[in-house]
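Only one structure is covered here, and it is reproduced in the block below.
The structure displayed is predicted, hence computed values, not measured ones.
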Amino acid sequence: MQALDVVDGGADAVAVGEVQGDGVGGAALRADVGDDLVPGEPKPFVDPDTCDERLVADAAIDALAIMTNESARLRDAEIELHEVIQDLMGQLDRFHATRTYKAKERMVAMSRTNPLARAGLSVYRRLRGRSSRST
């Protein structure tokens, strides 16, 4: 693979993404140019208004194939994520169905109107630590 050194403009045979120099400050920036830029060989001018329709059609078919494959991959990923979400929602529903959680919910609801319950909840939270504030 050919890469163009954008610092001095010369073509170097290096791997794309390779950093040369003494870290970021002395690194030579590199870009992949493939076989498009060969030193000493200028490329002929190609008018973009007059192009081979077969090449354009081939490029369009390739692009559609890539998009179709990516769409199928994303659909599979979406299905997997929906399964994970359903599993997590089931776990959360099971947690909310426990007697301990329901008792805590009742205590928090009572603490909104009852000063004694509010004081009891405050003492409970102080004794329990920060972890109980999430429930």
Side-chain angles (χ1 to χ4, degrees):
M1 182 176 327
Q2 193 101 22
L4 180 66
D5 186 345
V6 290
V7 174
D8 66 6
D12 299 321
V14 295
V16 174
E18 182 180 332
V19 177
Q20 295 181 350
D22 60 346
V24 178
L29 300 175
R30 306 211 175 266
D32 180 14
V33 293
D35 294 329
D36 291 341
L37 294 177
V38 178
E41 277 187 41
K43 287 290 183 182
F45 174 76
V46 178
D47 186 7
D49 294 332
T50 59
C51 57
D52 185 6
E53 290 182 13
R54 268 187 262 147
L55 292 175
V56 173
D58 287 345
I61 295 295
D62 289 344
L64 285 172
I66 291 169
M67 289 188 321
T68 303
N69 289 336
E70 182 66 9
S71 175
R73 187 190 66 77
L74 289 175
R75 181 67 182 142
D76 291 343
E78 181 184 14
I79 290 170
E80 289 175 17
L81 289 173
H82 279 290
E83 291 170 358
V84 169
I85 289 169
Q86 288 301 322
D87 180 52
L88 291 172
M89 288 182 71
Q91 290 178 26
L92 190 59
D93 288 343
R94 285 190 298 276
F95 175 73
H96 285 180
T98 62
R99 280 190 256 168
T100 306
Y101 183 81
K102 288 181 180 183
K104 288 180 181 179
E105 266 188 334
R106 282 193 302 272
M107 183 63 156
V108 170
M110 274 190 347
S111 72
R112 292 186 187 121
T113 58
N114 185 334
L116 185 60
R118 186 176 310 127
L121 186 59
S122 177
V123 168
Y124 168 77
R125 285 180 172 162
R126 255 183 277 137
L127 291 174
R128 182 86 169 138
R130 287 178 123 8
S131 64
S132 68
R133 293 182 187 264
S134 63
T135 58

Which side-chain N or O atoms in residues 63-71 pair as donor and acceptor under 3.5 Å with protein atoms at least two apart or in another chain?
from  : atom 1 : to    : atom 2 : distance (Å)
Thr68 : OG1    : Leu64 : O      : 2.7
Asn69 : ND2    : Ala65 : O      : 3.4
Glu70 : OE1    : Arg73 : NE     : 3.2
Glu70 : OE2    : Arg73 : NH2    : 2.6

Contacts table for residues 92-99: side-chain donor-acceptor under 3.5 angstrom, sequence neighbours left out:
from  : atom 1 : to     : atom 2 : distance (Å)
Arg94 : NH1    : Gly90  : O      : 3.4
His96 : NE2    : Tyr101 : OH     : 3.4
Thr98 : OG1    : Phe95  : O      : 2.8
Thr98 : OG1    : Tyr101 : N      : 3.4

Scan the side chains in residues 77-88 for donor-acceptor partners under 3.5 Å anywhere in the protein, sequence neighbours excluded, and list what turns up.
from  : atom 1 : to    : atom 2 : distance (Å)
Glu78 : OE1    : Arg75 : NH1    : 2.8
Asp87 : OD2    : Gln91 : NE2    : 3.1

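Taking Ile, Leu, Val, Met, Phe, Trp and Tyr as members and joining any whose side-chain heavy atoms lie under 4.5 Å apart, directly or through other members, Ile61 forms no hydrophobic cluster with any other residue. Alongside Val123, the hydrophobic cluster contains Leu127 (criterion: ILVMFWY side chains under 4.5 Å).
Evaluation of the salt bridge (charged side-chain N to carboxylate O under 4.0 Å, His left out) rule for Arg54 yields no partner, not counting sequence neighbours.
Residue pairs meeting the side-chain hydrogen bond (donor to acceptor under 3.5 Å, both in side chains) criterion with at least one partner in residues 107-123, sequence neighbours excluded, are Ser122-Arg126.
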